[in-house]
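Counting starts at 1 for both ligands and their atoms, in listed order. For reference, positions follow the sequence shown, starting with 1. Just so it is clear, the model here is predicted, and its values are computed rather than measured.
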Amino acid sequence: MADGVTRSFANHWVVDPVAELAGVADVHVASGTIASVSWRDGEAAARARWAAGAAPGAGDPTLALFPALIDMHAHFRQPGANGSEEVESGSRAAVHGGYGTVALMPNTEPAADTPALLQQMTDGERHGLRLLPIAAATIGRAGAAVSDVAALVAAGAVAISDDGSPIANRELFRAALAAAAASGIPLIEHCEEPTLTTDGEAADGLVATTLGLRPWPAAGELRAVESAIVELRSVIKVSPTVRLHLTHLSTAAALDAVRAAQREGLPLTCDVTPHHLALTDRWIAGERRWAWEATPNNARVGPTHDAFDSNLRVCPPLRGRDDAAACRTALRDGTAMAIGTDHAPHARQKKEVEFGVAANGIAGIETSLSVALAACHADELPLATVLAALTTGPARLLGITPHGCSRGEVASLIQVDLSATWRPGRETLLGRSINTPLLGRELPGVVLLTILAGRPVYQA
Ligand SMILES: [Zn+2]
């Protein structure tokens, strides 16, 4: 690569989820290609450090080098809502977040249900980012007829989904599963039983009751998951290559149902979001503690912020500590293969309104790594688990080769200062919309440099 970057990363904490190695290493990139990786204590030790969770110990460097991340679930809002985000701004945000590959959901306006619309969805300045379109599972996402999946896959679709909504009609759901299977791609389902969740504003529970918000019950997710599993069991008999992925699961009960179905041998996978594993519905009441932070005994821990921050309105809604803990457990035990950001930017006029009428969604692609690192720093998630869920896990789902950190590979790497912190805000976020409840909060982990396909595309 004639114009690729040449640069040495000496004495870095290097984690490679592809080779399953972690440790102190010197990495040399020459003309955009990884020319050498030398592990200070040898490869056997690096294999052991990976197996032990990949966290740097005291005395290890805090400057880290990871492969570029992969997001299997983002909304860049193009075409139709470019005022909220578009390919250029979303890609700029993604490379700031440490991503090298992003799969885009098709709930654009109109819905991406034709090859031409898939093209429009990914058109524009990408800042080196690899963009993978997911096509609408049903025509117009209207839930009446399955899209022309073969044509969409030929045009580059890596999955189909009606994300934003479930495919509520069971017969159509089976047909979509079979069509995806015939084209060798997964169906990604947004699990929500609309008869239970319509107009829901917050998780059913004390916070919703206290604040007078309409409940979006946990059963609304569980029922959809159970029903999807029933249909998967029936479709696999006729389409043995079928694959079903349930996205942004948020409840312990739904994750338990997935775990049981996986034990049964069903081709079922799922992901969780950074916000569901780290935040709780108490944030809506004005509290600002991570989901894993204990409520001190005998201390009256009141809200520190105004209640009803509409940046917390999201679908599925934020839930209690136990559900957030279940999301982390699912990552640790492999029930969930990926952390998907569900990056859902919204223009101010859709968010700076009353909680119950605000659009659902959190812009999360720039804070995802930091939120996950906060869980690592608190010993809630091993770094190896987090990085696998941000690289090899989603790659497996999308059927793509993950970026690695081995000699001879074209460099797609991120340099992260694990000991530095930053605060999301208008000055620091690069996306078009800044609808995140993390505004102003100190977050660990600063992406200093993103190199994609051998070229630097972001530098702090
Ligand atoms: Zn969704």
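Between the side chains of Ser250 and Arg319, at least one donor N or O lies within less than 3.5 Å of an accepting N or O. If you check the side chains of His346 and Ser433, you find no donor sitting under 3.5 Å from an acceptor. A donor atom on one side chain and an acceptor atom on the other are found under 3.5 Å apart for Asp71 and Thr341. Between the side chains of His73 and Asp271, no donor N or O sits under 3.5 Å from an acceptor N or O. Inspection of the Asp342 and His275 side chains reveals no N or O donor paired with an N or O acceptor under 3.5 Å.
Around the Zn ion (ligand 1), the protein atoms of type N, O or S found under 2.8 Å away are Asp163 OD1, His190 ND1, His248 NE2, listed by chain and number.
For Trp422 and His96, the ring centers are positioned less than 6.0 Å apart.
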